Amino acid sequence: MTEELNPFKIAQQQLDKVAGLLNLKKGIHEYLRYPHRELTVNFPVKMDNGDIKEFTGYRVQYNNARGPCKGGIRYHWNVSLDEVRALAAWMTWKTAVVGIPYGGAKGGVICNPKEMSQGELERMTRRFTAEISPIIGPERDIPAPDVYTDAQTMAWIMDTYSMIKGYSVPGVVTGKPLHIGGSLGRNEATARGCMFVVREALQKTDYKVCSPEEWRQRETYEDKPLPDGDEGGGYHFDDTVVAVQGFGNAGSIAAKLISDKGGRIIAVSDSKGGILNKDGLDIDAVLEHKASTGTVQGFEGAENLEPKAVLEVKCDVLIPAALENQITKENADNIKAKIVAEAANGPTTPEADRILYEKGITVIPDILANAGGVTVSYFEWVQSLQSFFWSERDVNMRLKGIMVKAYDDVTGMCQTENVDMRTGAYMVAVQRVADAIMHRGIFP
Ligand code: GLU
């Protein structure tokens, strides 16, 4: 039988699996299997050569029972409605698993941003924003960066939405530049959150720097100062061997944060290919190399790898930080990591999940492992709404508090229900969304 690779079908399968375990009411289960609202827009953009080009974009609001919809906007040639639906479902579970007051949404535009000028990207972003403006807003649905979108994209969205309203609306997006109401720590947040949960998972095995109690007491997010320069949580990775697939916002910063704390990053990759050096890569130098050549490949002193070979490198922690469907039934058996921390959304298929589980590999699922991004988005939104700004330390401490609690909630569920971490995370999340629906009741 061929493996299911449609991300939305996969998202539905993942939900179906826990609906039974949670004894979810049939009607609620059915309600949660589909997005609440979907908008498809086809719109023209003036290109630099004078041509007018038609683009297609989507905004899917999956569920808003727990609060306004929240989720990024992706620019990629493979964007499809089903992909956006899946990503919106995963946002719903993600915000629930970390307990922040949002529902889930996602957006995407089919385009190749690598072949577009800044001017073309700006005009496309502004027109797309205008097209989806009736359904977004600080109380409705708050976009953020995702694959191939960044703080500049968010600034254009914020400005366009503000022009339509006639006044500045910083709370309409998160991941903005600092000058227009962005939050300190937002750019690194996905990677930092991932680092926090990896640290928790390592600690649970035989990894020791200080006891879990000591670590938690030492830095709760309640205003305890961290040692100077140590916004990461006062610990060291002590030569943990790490491989990272994807060298965008999540992957490159995760590699940098973990290597700064003593982890040994032996392999990284981007869409063009990977590199391996068993003695450890100098991540600052790899970042410079990528900035000047456009790829990590060809880095001095490292061996070049095929793009997906990085997944099969022997390591303690593997961080897939690229796209969906990277670990499938074809390569799952070749994974040699002890822990897989999903910084990407949907990198592991359900069949691969089963294989990894049987091999005794701990998978920290995407909805937990990459929830640091949306968590600091929540902090940014709160700051934007109040026009009041927090220190970076404050942001990072609060992030740590939320990530550690979510990790505990999930592993607690795994222990009581004797399930793997993805199932445990889904059980926590889906139950919270279902509870919100039950409390609110069905209108009318
Ligand atoms: N795109 C990120 C994610 O997949 C961040 C979403 C957000 O901050 O709203 O979680």
Side-chain angles (χ1 to χ4, degrees), residues 7 11 58-64 66-76 79 83-109 132 136-138 140-151 153-154 157-158 170-177 181-183 185-194 197 246 248-251 253-254 319-324 341-347 364-385 395 398-399 402-403 406 425 429:
Y58 309 100
R59 185 72 187 172
V60 172
Q61 298 175 341
Y62 200 87
N63 186 282
N64 64 1
R66 300 183 64 262
C69 294
K70 184 85 190 83
I73 292 178
R74 167 176 298 201
Y75 290 169
H76 198 274
V79 163
E83 182 192 49
V84 178
R85 285 172 172 149
L87 291 162
W90 291 329
M91 285 309 304
T92 307
W93 315 135
K94 193 185 300 185
T95 55
V97 89
V98 286
I100 55 177
Y102 286 136
K106 203 82 175 196
V109 178
I132 65 170
I136 62 172
R140 277 200 180 106
D141 179 1
I142 305 117
D146 197 72
V147 174
Y148 294 134
T149 56
D150 58 15
T153 323
M154 297 307 114
I157 297 177
M158 181 274 206
V172 67
V173 283
T174 58
K176 300 180 288 295
S183 176
R186 174 62 186 88
N187 193 43
E188 301 78 24
T190 307
R192 193 180 298 281
C194 184
V197 292
N249 173 274
I253 300 178
I319 305 183
L323 294 164
E324 302 93 77
E342 296 182 333
N345 291 309
I364 312 177
D366 48 6
I367 60 170
L368 174 62
N370 70 37
V374 73
T375 300
V376 177
S377 274
Y378 164 56
F379 299 159
E380 178 178 330
W381 179 72
V382 167
Q383 293 172 79
S384 287
L385 294 180
V395 168
R398 286 174 188 269
L399 172 63
I402 287 185
M403 295 306 295

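Here the structure is a predicted model, which is why all the values come from computation and not from measurement. Atoms within a ligand are numbered from 1 in the order they appear, just like the ligands themselves.
- Using bins of under 30°, 30° to 60° and over 60° for the plane-to-plane angle, the ring pair Y148/H76 lands in the parallel bin.
- At least one donor-acceptor pair under 3.5 Å links the side chain of D366 to the backbone N or O of G346.
- Put simply, the side chain of P68 reaches to within 4.5 Å of the side chain of I142, judged on heavy atoms.
- Here is the list of ligand 1 atoms found below 4.0 Å of a heavy atom in K106: 1 (N), 3 (C), 4 (O).
- Under 4.0 angstrom from ligand 1, there are no non-hydrogen atoms of L87.
- Those atoms of ligand 1 with a heavy atom of K94 less than 4.0 angstrom away are 3 (C), 4 (O), 10 (O).
- In the vicinity of K70, heavy-atom distances shorter than 4.0 Å reach the ligand 1 atoms 7 (C), 8 (O), 9 (O).
- Counting only heavy atoms of the protein, atom 5 (C) of ligand 1 lies nearest to R186 NH2, 3.6 Å.
- The nearest protein atom to atom 8 (O) of ligand 1, hydrogens excluded, is given as S377 OG, 2.5 Å; this is a heavy-atom distance.
- Set against the non-hydrogen atoms of M91, the atoms of ligand 1 under 4.0 Å away are 3 (C), 4 (O), 6 (C), 10 (O).
- Contact check for V374 versus K70: side-chain heavy atoms found under the 4.5 Å cut-off.
- Of all the listed residues (G71, A144, P145, G373), P145 holds the heavy atom that lies closest to atom 2 (C) of ligand 1.
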Check the pair W381 / Y102 against ring-ring contact (aromatic ring centres under 6.0 Å, His included), numbers first and verdict last. CA-CA 11 Å; W381 179 72; Y102 286 136; 5.1 Å; yes
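- Salt bridge E83/R74: present, at least one basic N to carboxylate O contact under 4.0 Å.
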